[in-house]
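Note that the structure is predicted; figures quoted are calculated from it, not measured. The basis for the numbers below is simple: all heavy atoms, side chains too, and nothing from hydrogens, waters or symmetry mates. Lettering of chains follows the sequences in order, A, B, ..., and the numbering in each one begins at 1.
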Number of protein chains: 2
Amino acid sequence: MTTQHSDRTAPHEDKPRWLDADQQQLWRAYLEGTVRFVEAVSREHEERSAVSLNEYELLVRLSESPGRTLRMSALAEGLARSRSRVTHTVARMEARGLVRRSATDGDRRGVDCVMTEEGHRTLVEAAPAHVAAVRRFMVDVLTPEQFQALGEAMASVARACREDHEI
Amino acid sequence: MTTQHSDRTAPHEDKPRWLDADQQQLWRAYLEGTVRFVEAVSREHEERSAVSLNEYELLVRLSESPGRTLRMSALAEGLARSRSRVTHTVARMEARGLVRRSATDGDRRGVDCVMTEEGHRTLVEAAPAHVAAVRRFMVDVLTPEQFQALGEAMASVARACREDHEI
DNA sequence: CGTGCGTGGTTGAATGTTCAACCAGTTGTC
DNA sequence: GACAACTGGTTGAACATTCAACCACGCACG
């Protein structure tokens, strides 16, 4: 693992010094942690479930919405994904019978995405493995205080990103 | 099978209650924060730089290695990406003159990836915008204590994931 | 030696994502 | 009420990633 990081010799000269050494280390830990975490959770989905992590998250959103229904744009916004990506994903899931599309009433531009019974069943089947993975790789390895600090910090980050994007 | 479950009552009924309400909220914040953050930083790269966030991270690894060189497998492991993915990415970057491949000496199976002068120049040009984005969307919106807690928590998560993967 | 197995890396096809162009419907404005 | 600008969504081609099959080399053991 190449976390060799040093001021002593040439190798590091290239990187502008933009955080002090301690901060660098924290930043690296953040990077590695997030990527390994989604990797680990995704792996669980591939191995044990009929839907990918992405699809699972989409189903979760639908399951939480009244009528198990959400507009395409609301889905995209809620998942922080491009509209195009959601269109394609939903198309594939529709072909598998997990969701179904229907016109939004009131606004004829809109399209509602509705979770089917089959989609619901799939979600329920996938949930335990998902939950177990999140526990195993995150919740259970942190103290409650750490988990809370993590959530609060990321809430601030999310807000900053959201604000910037909207402007 | 049109066994309508009670759609209109508790919208949340579907999701097994696997974390208490507060924890749910923290978990959601984590999810949203991480995805919006990479989205925001990526956007900066698309807009202001010649390399994507992925390619940038690869160049950073090389810049930190002696001789600006790393074996393909070391790159893959360090970046937590599949070997295949690194092969393809490096192929594209090689075509653009950012890196170059050469045989590892001592082990004729191995391939070294070397950052070129051009690649180095590109990295140096891209760095300020990258740094600014990370500061703007994360470091500057957190207190030092928050940032530290975040880094430490993710270090634990990373360790848990790594251990699981190796076994 | 030779055979078998593990490692390092590539390949190409299938799959998923992005990007830009587009269509249809809505809203505002004069 | 007509026209421009905006919103919601789709399309298809370009691009990126994954997956499984594969090749070449190294290592161990008979």
What's B:Thr87 touching, base or sugar-phosphate or nothing? Going by heavy atoms closer than 4.0 Å.
base
Start and end of the DNA chain C segment that chain A contacts, any atom under 4.0 Å from a heavy atom
C:dG16 to C:dT26
Whole angstrom value for the distance that separates P of D:dA24 from CE of B:Met72:
18 Å
Give the minimum heavy-atom separation between B:Thr87 and B:Met72, together with the two atoms involved.
CA-CE, 3.8 Å
Mark yes or no for whether B:Thr116, through its side chain, and B:Gly97, through its backbone, hold a donor-acceptor pair below 3.5 Å.
yes
Tell me, yes or no, whether the heavy-atom count around B:Gln25 atom CD, taken from other residues, nucleotides or ligands under 6.0 Å, exceeds 12.
no
I'd like to know if B:Arg43 pairs up with B:Glu46 as an ion pair, taking the criterion as any Lys NZ or Arg NE/NH1/NH2 lying under 4.0 Å from an Asp or Glu carboxylate oxygen.
no
Between CD of B:Glu46 and C1' of D:dA16 the distance, given in whole Å, is 12 Å
Is there a residue in residues 95-111 of chain B whose heavy atoms reach under 4.0 Å of DNA chain D, and which residues are they?
B:Asp107, B:Arg108, B:Arg109
Grab the N/O contacts between the protein and nucleotides 12-14 of chain D below 3.5 Å, and write none if there aren't any.
from, atom 1, to, atom 2, distance (Å)
D:dG12, O6, A:His88, NE2, 3.2

To the nearest angstrom, how far is A:Glu47 atom CD from D:dC19 atom C1'?
14 Å
Under 3.5 Å: donor-acceptor pair, side chain of A:Arg61, backbone of A:Gly78
yes
Check the distance between D:dT18's C1' and A:Arg43's CZ and give it to me in whole angstrom.
14 Å
Just by distance, do the side chain of B:Glu152 and the backbone of B:Ala149 share a donor-acceptor pair under 3.5 Å?
no
d(CZ, B:Arg71; P, D:dC25) in whole Å
14 Å
Grab the two heavy atoms, one from B:Leu123 and one from B:Leu59, that are nearest each other, plus how far apart they are.
CD2-O, 4.0 Å
Is the backbone of A:Val60 close enough, under 3.5 Å, to the side chain of A:Ser63 for a donor and an acceptor to pair up by distance?
yes
A:Glu77 (side chain) donor-acceptor with A:Ala74 (main chain) under 3.5 angstrom
no
Would you mind classifying the nucleic acid contact of A:Ser52 as base, sugar-phosphate or nothing, using non-hydrogen atoms under 4.0 angstrom?
nothing
Any Lys/Arg nitrogen of B:Arg92 or B:Glu55 sitting under 4.0 Å from an Asp/Glu carboxylate oxygen of the other?
no
Neighbour count >12 (heavy atoms, 6.0 Å) for atom CZ, B:Arg135:
yes
Atom pair distance, as rounded to whole Å: CG in A:Asn54 and C1' in D:dT18
14 Å
What is the distance, to the nearest angstrom, from the CG atom on A:Leu70 to the P atom on D:dG8?
13 Å
For D:dT17, does either OP1 or OP2 sit under 4.0 Å from a side-chain N or O belonging to B:Thr89?
yes
